[in-house]
Amino acid sequence: MSRTSKSPGAPGAKGGEGLLGETRPKTLPASGPQAGPEAAVHPGPGPATPLIAAGPSSLTEHQLGQLFKPIDPARVALHRGNAHLQGWDVRRSLTRIFGFGGWSPQTLQLTCLRDFARMVPATEKSEGGTRFWATYLAQVRLTVRTIDGRTLAFYDDAAVEEASKQVTHGAAHDLAVKAALTGALKRCAVNLGDQFGISLYRKGPDDLKAQASVIWSVAHPPKDMRVTEQTGPVDVPTNEEDSLLVDALFRAIAEARDPATLNEISRRVNEEARAGLAPEWVDELKGALKLRLVNLTREPTPDQIAAAQDAAAEAPQDVPSHHHRGGRRA
């Protein structure tokens, strides 16, 4: 009687997976709806309008208002000292801004790069035994749509994540797959601005990372901004009086030498904001105030400078020596 071999996909087959040794990479086929400029119109939160191409002007005022807002610091989490947004929070924000059905992820690639198992010794906190590792590469496409269902844009990105020391083989693969897919989705979403963590890539103090990085765009300029080919974006105050006021406040911020002075300027900025100063100017002034405060913490105070000068004046002066090497005097 002839012996039959099991196919890789048959029940009980190893499929290239070993318990205690490494395995060859395994790639899952792409899944999810096809997305992109050439794709058919997908249903969105509103009625479909397939004949008109979507673009930046297709965003609503409410959507733009959310996208231009600085990120709420309470949404930022820390992992190994690095600021980031959690996956569930990114998904929630996508739904809040683009609506149910207004966005979708597509898995372009999902590859197991490595998986293996090792015997680990027992410790005071855990029992010894076999533990499992798995590493996955995920490439994801994020598609966002207008409220009437047209494709607005899509973004591709990838991430590699590893799950280590898991008790079961399945747990290692499950954790690594979810982490890689979530990481790739978050990297795609960063292209949508501050609400999705682009400011967290900015170097500097944590308070600066909470400020908006994308406060305007040429496609959606503030009402008091015009653009020329020669100079690029040019801020144009609403009137000459506002221009003089803003210039004076910027000079006062640059010349401030202590936090108390900055607090006085901040109160004045808030008063002018309530009186109708353009929001763009208010945001710029508040950003300058924060930057100046950071710089002041690194600069010596006038009292410290005076004390250092007094100490230098009282220090004994070195008496020049008449002895020179070689027996010669200058």
Side-chain angles (χ1 to χ4, degrees), residues 1-32 71-95 104-142 156-190 196-198 200-201 203 205-206 209:
M1 184 170 65
S2 62
R3 180 179 298 175
T4 59
S5 61
K6 295 181 179 179
S7 65
K14 298 293 184 182
E17 298 180 2
L19 261 184
L20 297 177
E22 291 191 25
T23 67
R24 62 182 181 272
K26 299 174 285 297
T27 302
L28 278 66
S31 64
I71 191 170
D72 182 355
R75 294 175 52 202
V76 180
L78 289 177
H79 178 65
R80 297 177 182 174
N82 296 320
H84 72 104
L85 297 180
Q86 298 184 61
W88 68 267
D89 182 78
V90 170
R91 292 175 179 270
R92 176 185 66 173
S93 298
L94 285 167
T95 301
S104 64
Q106 178 188 355
T107 302
L108 303 179
Q109 180 185 357
L110 184 60
T111 301
C112 179
L113 301 178
R114 188 184 186 204
D115 69 335
F116 62 94
R118 287 179 182 169
M119 296 293 297
V120 298
T123 64
E124 295 180 357
K125 296 182 179 180
S126 63
E127 298 180 356
T130 303
R131 296 293 183 267
F132 300 88
W133 280 255
T135 304
Y136 273 83
L137 162 68
Q139 183 180 6
V140 170
R141 170 172 294 174
L142 169 64
D156 295 352
D157 217 315
V160 174
E161 294 289 345
E162 179 184 71
S164 61
K165 297 182 180 180
Q166 298 299 303
V167 177
T168 66
H169 196 237
H173 282 265
D174 180 67
L175 185 60
V177 166
K178 290 190 294 186
L181 290 172
T182 298
L185 176 64
K186 292 198 296 183
R187 289 179 177 176
C188 291
V190 164
F196 300 94
I198 194 171
L200 302 183
Y201 288 87
K203 294 182 180 180
D206 291 337
K209 294 180 180 180

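Between R91 and L185, the closest side-chain pair of non-hydrogen atoms falls below 4.5 Å. A heavy-atom distance below 4.5 Å is not found between the side chains of Q166 and W133. Residues F196 and L94 have side chains in contact (heavy-atom distance under 4.5 Å, counting atoms from C-beta outward). Contact annotation: the side chain of E162 never approaches that of L113 to less than 4.5 Å [non-hydrogen atoms, C-beta and beyond].
Between the CG atom in D157 and the CZ atom in R141 there is a gap of 12.0 Å [rounded to 0.5 Å]. Considering CG of L142 and OG of S104, their distance stands at 7.5 Å, rounded to 0.5 Å. Separating the CD atom in Q86 from the NZ atom in K186 is a distance of 7.5 Å, to the nearest 0.5 Å. We find the OH-CG distance between Y136 and L175 to be 11.5 Å, quoted to the nearest 0.5 Å. The CG atom of L181 lies 5.5 Å from the CG atom of L110; values are rounded to the nearest 0.5 Å. Annotation: the span from N82 atom CG to L200 atom CG amounts to 10.5 Å, rounded to 0.5 Å.
Ring pair F132/H173: centre-to-centre distance not below 6.0 Å.
Considering every non-hydrogen atom in both A163 and A172, the closest pair reads CB-O, 3.3 Å. Residue V90 comes nearest to A189 through the heavy atom pair CG1-CB, 3.8 Å, listed as atom of the first residue, atom of the second, then distance. Across every non-hydrogen atom of A159 and A180, the tightest pair is CB-O, 3.7 Å. Taking both residues in full, the closest heavy atoms of R187 and A158 are given as NH1-O, 2.7 Å, listed atom of the first, atom of the second, then distance. Looking at every heavy atom in both residues, A138 comes nearest to A184 through O-CB, 3.8 Å. Heavy atoms only, all atoms of each residue included: L85 and G197 are closest at CD1-N, 3.6 Å.
In summary, the side chains of T111 and Q109 do present a donor paired with an acceptor at a separation below 3.5 Å, with no hydrogens or angles considered.
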Please report the C-alpha distance between D115 and H169 in whole Å, then the side-chain angles of each, then the deciding distance to 0.1 Å, and finally whether the side-chain contact (heavy atoms from CB on, under 4.5 Å) criterion is met.
CA-CA 9 Å; D115 69 335; H169 196 237; 3.2 Å; yes
